[in-house]
Amino acid sequence: QAHACVAQAKPRTAPLRRRRARARAVASPPVDMGVRRRGARRGGAGKAAAAAAGEADEAGEATPQPQQPSRGASRSASGLKPDADEVLAAIETLYVDGLKPFGRILRKRLAERAAPAIAREELEQPRTEKGKAKGGSSLPDIDVKHLHGVCEESEELEVRPEEGGDWSAVFVDRAEDFVDIYSSVDTYSEEFWADASSYFGALTKEAMLLPGGRYSCAQMLMARHVPFLEGFSLGQVCHFVQLAISKRKVLGYSDGSVVPYAFSQSMVKEQCANCQKPCAAPGAGEDGAAAMPFATWEIARKCLHEILEEAALPEQGPSTVPLSNVKRLFRSRYHAELSETALGHSKLSELLQDKRFSDICAVQLQGQGYIVVQVANPSPAAIAEAAAAMADDWDDKEQEGGSALEAAPQGTPIGSMASDLHVPLQPVLEDILRGSVAAPEADAEDWQPGALPTFTPQPSPGVPPSCTVRRWNANLAQAAAA
């Protein structure tokens with residue numbers, strides 16, 4: 001009751017003061033919140049200033065005057081602790097950029113505002129082949145727990161849980177006009193995309209290396225004042241980067257960097273997928289581990305089914321596995337490489353959405369990453385679609401003369417699985433024709449193969465029933481013709 005009385009007696013001028021402070025913070029340059037670089041030891045302001053001066057003297061540059069820490073900001077072993085006004089001002093800038101204030105983006109924005117010189121320097125300096133700024137990032141850490149607590153306590157913010165364990169903090173009295181950077185809707189003209197292709201195609205080798213994240217990549221493009229992106233907000237440029245990678249094939253990935261599509265691993269993977277070849281041989285690991293065979297459709301189905309079954313929790317609905325973990329689980333559990341290009345797809349997400357997996361899993365976007373969701377009760381249509389696709393694949397494999405898994409190392413999980421999956425598919429008819437099983441009781445002169453009783457064919461492990469039935473009917477026809 002005492003707390004309630006205090007809350008009622010609290011003057012309502014605080015939100016007004018915060019709004020005014022936020023407006024001043026947005027209009028004025030961001031201030032330093034007491035920058036602590038990642039990995040740096042805690043120390044007084046004098047030590048930090050002396051260290052900065054020493055680094056500048058070694059580089060032959062003038063020593064900049066240190067900025068004073070802002071009111072309410074402090075350091076801790078877990079990162080900077082911004083106060084409420086600084087958090088509200090950072091969220092305001094994200095609204096201006098058209099970006100929803102997710103927790104991870106808000107942390108990034110607060111770090112950039114705490115050390116604007118470092119943020120500007122990292123955008124301007126060349127990138128390494130791994131897509132990172134040379135020397136790594138020196139932006140300060142933000143105390144996540146403290147940040148979440150500040151947002152929870154603010155009367156001007158509403159904190160919401162988001163997918164993937166993230167959260168967001170939005171203004172309670174403001175319309176949410178954010179850009180959906182993951183939207184597949186492309187409203188840009190062909191002329192716009194032609195200008196984009198021309199720009200990225202003319203970049204030098206060093207200039208073509210862009211940060212791997214959409215947010216950082218969009219920031220660098222805006223810092224370069226790219227002509228065809230003039231007038232775009234940061235959120236709109238993030239959406240452009242998404243479309244350029246996922247739909248238009250203007251950009252792609254290479255070793256963690258975003259690069260023009262012609263120089264990307266994405267193009268190489270698409271070419272390999274068209275030929276249904278892996279991008280690289282199933283190579284041994286850096287530690288000299290034995291090479292792993294590539295999983296075929298049958299092996300991939302069986303392994304993925306087991307992975308999802310083992311990930312299921314009682315009374316928790318369909319099980320889920322992060323898409324980024326699937327290949328690692330294939331290697332660690334089954335000693336097999338799941339190559340999407342060897343199975344005709346350029347992306348793993350597209351592979352697992354193939355109709356051959358329609359009765360096993362689905363791929364969904366959760367938060368900022370994809371997850372593989374178990375199909376607990378597949379519909380008859382999904383089962384039929386997967387069975388028909390697998391039957392066609394099995395016939396193609398027979399015409400090619402076998403499977404790559406016949407050479408799988410025995411004694412490994414995939415080797416045992418491979419032998420299980422290659423059981424002969426005509427268990428009754430062939431035995432009768434070879435004489436190892438007694439023919440039906442009838443006079444030898446009257447017995448004909450075509451008059452065999454219609455045994456119910458048993459499907460081989462890992463092979464769809466429709467495939468067994470088709471081969472059964474074909475063998476009956478061959479026997480009748482003989």
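Sequence positions, counted from 1, serve as the residue numbers for this chain. This structure is a prediction, so every number in the text was calculated from the model and none was measured.
- Leu308 places a side-chain heavy atom less than 4.5 Å from the side chain of Cys361.
- Side chain of Glu86 to main chain of Asp83: a donor-acceptor pair is present (N/O by atom type, distance under 3.5 Å, no hydrogens or angles).
- Val259 places none of its side-chain heavy atoms less than 4.5 Å from the side chain of Leu210.
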Can you check side chain to side chain contact (heavy atoms under 4.5 Å, CB included) on Tyr334 and Ile299, steps first, answer last? CA-CA 10 Å; Tyr334 305 104; Ile299 294 294; over 6 Å; no
With side chain to side chain contact (heavy atoms under 4.5 Å, CB included) as the criterion, how do Gln242 and Cys238 come out once you've worked through the C-alpha distance, each side chain's angles and the decisive distance to 0.1 Å? CA-CA 6 Å; Gln242 168 69 13; Cys238 288; over 6 Å; no
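- Using modelled atom types, one side-chain atom of Ser379 and one backbone atom of Ala382 make a donor-acceptor pair closer than 3.5 Å.
- Looking at every heavy atom in both residues, Gly235 comes nearest to Val179 through O-CG1, 3.5 Å.
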Is there a ring-ring contact (aromatic ring centres under 6.0 Å, His included) between Trp193 and Phe228? Walk through the geometry before answering. CA-CA 9 Å; Trp193 287 110; Phe228 65 89; 8.3 Å; no
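- Under 4.0 Å is where a charged nitrogen must lie from a carboxylate oxygen, and between Arg160 and Glu176 at least one such pair does.
- Ionic pairing of Glu340 and Lys327 is present here: one or more N-O contacts between side-chain nitrogen and carboxylate oxygen are shorter than 4.0 angstrom.
- Nearest heavy-atom pair across Ala312 and Gln374 is CB-OE1, 4.4 Å.
- Taking the six-membered ring where tryptophan is involved, the planes of Phe240 and Phe192 are perpendicular, since the angle between them exceeds 60° and thus also 30°.
- In this structure, Val373 and Val363 have side chains that are not in contact, with every pair of non-hydrogen atoms separated by 4.5 Å or more.
- Residues Trp167 and His148 meet the side-chain proximity criterion, which asks for heavy atoms closer than 4.5 Å.
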Could you walk me through whether Ile142 and Lys108 pass the side chain to side chain contact (heavy atoms under 4.5 Å, CB included) check? CA-CA 8 Å; Ile142 303 296; Lys108 175 89 171 172; over 6 Å; no
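- Without hydrogens or angle criteria, Asn325 side chain to Val321 main chain gives no donor-acceptor distance under 3.5 Å.
- Put simply, the side chain of Leu352 reaches to within 4.5 Å of the side chain of Leu304, judged on heavy atoms.
- Glu298 and Thr296 share a donor-acceptor pair across their side chains, judged by distance under 3.5 Å alone.
- Looking at Ser339, its side chain never comes within 3.5 Å of a backbone N or O of Pro278 through a donor-acceptor pair.
- Side-chain atoms of Arg331 and Glu337, non-hydrogen and from C-beta on, do get closer than 4.5 Å to each other.
- A donor-acceptor pair is defined here as one N or O able to donate and one able to accept, closer than 3.5 Å; such a pair exists between the side chain of Gln353 and the backbone of Ser349.
- In this structure, Glu190 pairs ionically with Arg248, as a charged nitrogen and a carboxylate oxygen lie closer than 4.0 Å.
- Residues that satisfy the ring-ring contact (aromatic ring centres under 6.0 Å, His included) test with Tyr253, not counting sequence neighbours, are absent from this structure.
- Closest heavy-atom contact between Ser183 and His239: O-NE2, 3.0 Å.
- Side-chain atoms of Met222 and Leu234, non-hydrogen and from C-beta on, do get closer than 4.5 Å to each other.
- Inspection of the Asp354 and His345 side chains reveals an N or O donor paired with an N or O acceptor under 3.5 Å.
- The closest side-chain heavy-atom distance from Leu221 to Phe200 is below 4.5 Å.
- At distances below 3.5 Å, not a single donor-acceptor pair connects side-chain atoms of Lys100 with backbone N or O atoms of Ser168.
- When only modelled atom types and interatomic distance are considered, Tyr188 and Gln236 share no side-chain donor-acceptor pair under 3.5 Å.
- Ion pairing between a basic and an acidic side chain is recognised when a charged N comes within 4.0 Å of a carboxylate O; Glu306 and Arg333 show no such pairing.
- Between Leu94 atom CG and Arg109 atom CZ the span is 4.5 Å, to the nearest 0.5 Å.
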Pair Arg107-Asp141, salt bridge (Lys or Arg N to Asp or Glu O under 4.0 Å): steps then yes or no: CA-CA 8 Å; Arg107 289 175 59 200; Asp141 290 320; 5.2 Å; no
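- Counting only distance, with no hydrogens or angles, the side chain of Ser154 and the backbone of Cys151 share no donor-acceptor pair below 3.5 Å.
- Under the 3.5 Å distance criterion, the side-chain polar atoms of Asp97 are left unmatched by any main-chain donor or acceptor of Leu99.
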